[in-house]
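Quick notes on the structure that follows.
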Amino acid sequence: MSTRSLALAALVVLAVLHQDAWFWDDPTIVFGVLPIGLAWHAAFSVACAAVWFAVVKVAWPSDPHAPEAAR
Amino acid sequence: MIALGICVAYLIVLLAVGLSSNRWFRGTGEDWFLASHSIGPVLLLLSLFGTTMTAFALVGSTAKAYQLGIGTYGLMASWAGVVHPLMFLFVGVPLWHVGRRHGHVTQAQLFADRFQSPALRSLLPPLLVVLVLPYLLIGIQGAGLVVAPVTKGVWFDGAGVPPWLTGLVICGVVLTYVFLGGIRAAAWANAFQTTVFLVVAAITFVLLANALGGPAAALEATAAKRPELLVRSETIAPLHFLSYGLVGLSVGMFPHIFQHWLTARSDRTFQLSVVAHPLLVAAVWLPCVLIGVWAGGQLDLPLDQANKVLGIMVARFTTPVMGGVVTAGILAAIMSSLDSQFLCLGTLFTHDVVLRLRPDASDAEKIAWGRAFVVLVVAVTYALSLLSSRSVFDLGVWCFSGFAGLVPLVLATLYWRRATGPGAVASVLATAGTWLALFLSDPGAADTGEYLVLGVMPVTWIVLASATALVAVSLATAPPDDAVVERYLGAARS
């Protein structure tokens, strides 16, 4: 899978997870310190780092605009 | 007085760090403007992150959280974890390749050459300057808003250091090390400042949590006084929340970020930034949003004065010593953006105005012109900061929205072979026109400041207008020269 395809697929999944309708009006406090809507998004940030790590490791692009012979 | 002394000491150390990079200054234009493309992964990470963390991220986020609650984090910080690395990967890395291959220093040079359009070389620089100005303003204003309450009692009538003096001092400090060391000084200063404000953000969070009886007690106080801050259903609509994602695209067109990208030693220098950026954003925004939410349970500040929340919380709930340390950390975040922004405007003026009039200017002349324009920009911005009183967060979002509008242009530059010069010009004009029209129609209400157009952020319409103009005019005009396209996008695949 190319970098572009992998990153775009990740983008779609992350965008869906970002719209956490399921916690929109939930006032639950988790671990006694974080409203659940905020805790979800903090975890989301960590998940983003993991996703980008995978993209960097698996599909770092070569110069996409170099002449074929230079790639 | 203790807090003031700590802030002054911090500024002296910062000046020393910035000036110490001067020993590596090679005296060339390439070194002053691009650090001779020598910046490694850690310095690039700290520079990029430090430059994107501003008064918007500290003063602005706590203010917005005081107004809107926990949803503030999702509006910007968690979207930044997705969109910023996306821009680093799909715009930053290719632009690094293109910039190195063709020797470009500014965005206007790159776009004008790619699209063979002198009009772009004339249109883009003034628009970029206009869009950067609000970003500079929020930095200077934000510094004044934070220092004043923490230094209460040091000034004549028992007040804190007046904002006009704080603004003057930080402009002077930044101007000094940027003037002498260029972007290498800015990168070193950013690394120092980023380290400082990350550590201080953690300390601030712990100190305030303890002062309020612990995070649980602080949240209980908010739940009792302003429970709407702990959910999003009463303050933010889902479509509004979604549309904020477009604001983060702005990183793809910030001229100061573009300049930092070009300083990278290699394309792999970007990898650490792509991975670590979401975590560093969280490390700053999570404590700040929580502080704003906690403030909802502690303060009776009117919503239209929310810009003062961080300064008041620090002054009221920490000791003078820690107040000074925390304030220094906040200044670190603010100034780590100002230096790059001042410098990019000097670079823009030198390469997009001076060199067009005097193509044979020597390195010494280029540096002199760059420095002169930086001084002018600092003076104008300082003067404007004395007049403006808009919400820091909202001014920042307007700035970002304008740059986001230019992202279709950079994506077409890198990925769309059929994009034409007239299409690119139309995109720039559509961005400028839509942004100006919407900005002027914003009533600027400071109580919550959320200006929506048909239920979504104005950035949505700015990006849509820009992309539509780009595509429609490109398809209606003659295709570009294949040889030029091939120089930038490589040979077409059959």
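First the proteins, then the strands, lettered A, B, ... as listed; each starts at 1. No hydrogens, no waters, no symmetry mates; every other heavy atom, side chains included, goes into these values.
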>> One thing to verify: whether B:D267 and B:R100 come together as a salt bridge, which I'm taking to mean a side-chain N less than 4.0 angstrom from a carboxylate O.
In response: no
> For residues 214-229 of chain B, which residue pairs qualify under side chain to side chain donor-acceptor pair (under 3.5 Å), counting only residues two or more places apart or in two chains?
Replying inline: B:K225-B:D300, B:R226-B:E228
> Side chain, backbone, both or neither: which part of A:A15 has a non-hydrogen atom closer than 4.5 Å to chain B?
Replying inline: both
> Side chain, backbone, both or neither: which part of B:A237 has a non-hydrogen atom closer than 4.5 Å to chain A?
Replying inline: backbone
>> Name the residue from A:D26, A:D25, A:D20 that meets the salt bridge (charged side-chain N to carboxylate O under 4.0 Å, His left out) definition with B:R232.
In response: A:D20
> More than 12 foreign heavy atoms under 6.0 Å from CG of B:N210: is that the case here?
Replying inline: yes
>> Does any backbone or side-chain atom of A:V55 lie under 4.5 Å from a heavy atom of chain B? Answer side chain, backbone, both or neither.
In response: side chain
> Checking B:F90 against chain A: side chain, backbone, both or neither under 4.5 Å from a heavy atom?
Replying inline: side chain
> Quick one: what part of A:F53 sits under 4.5 Å from any heavy atom of chain B, side chain, backbone, both or neither?
Replying inline: both
> Where does A:F23 contact chain B at under 4.5 Å (heavy atoms): side chain, backbone, both or neither?
Replying inline: both
> Between B:L219 and chain A, which part of the residue has a heavy atom less than 4.5 Å away: side chain, backbone, both or neither?
Replying inline: side chain
> Where does A:I29 contact chain B at under 4.5 Å (heavy atoms): side chain, backbone, both or neither?
Replying inline: side chain
> chain B heavy atoms under 4.5 Å from A:L8: which part of the residue, side chain, backbone, both or neither?
Replying inline: neither
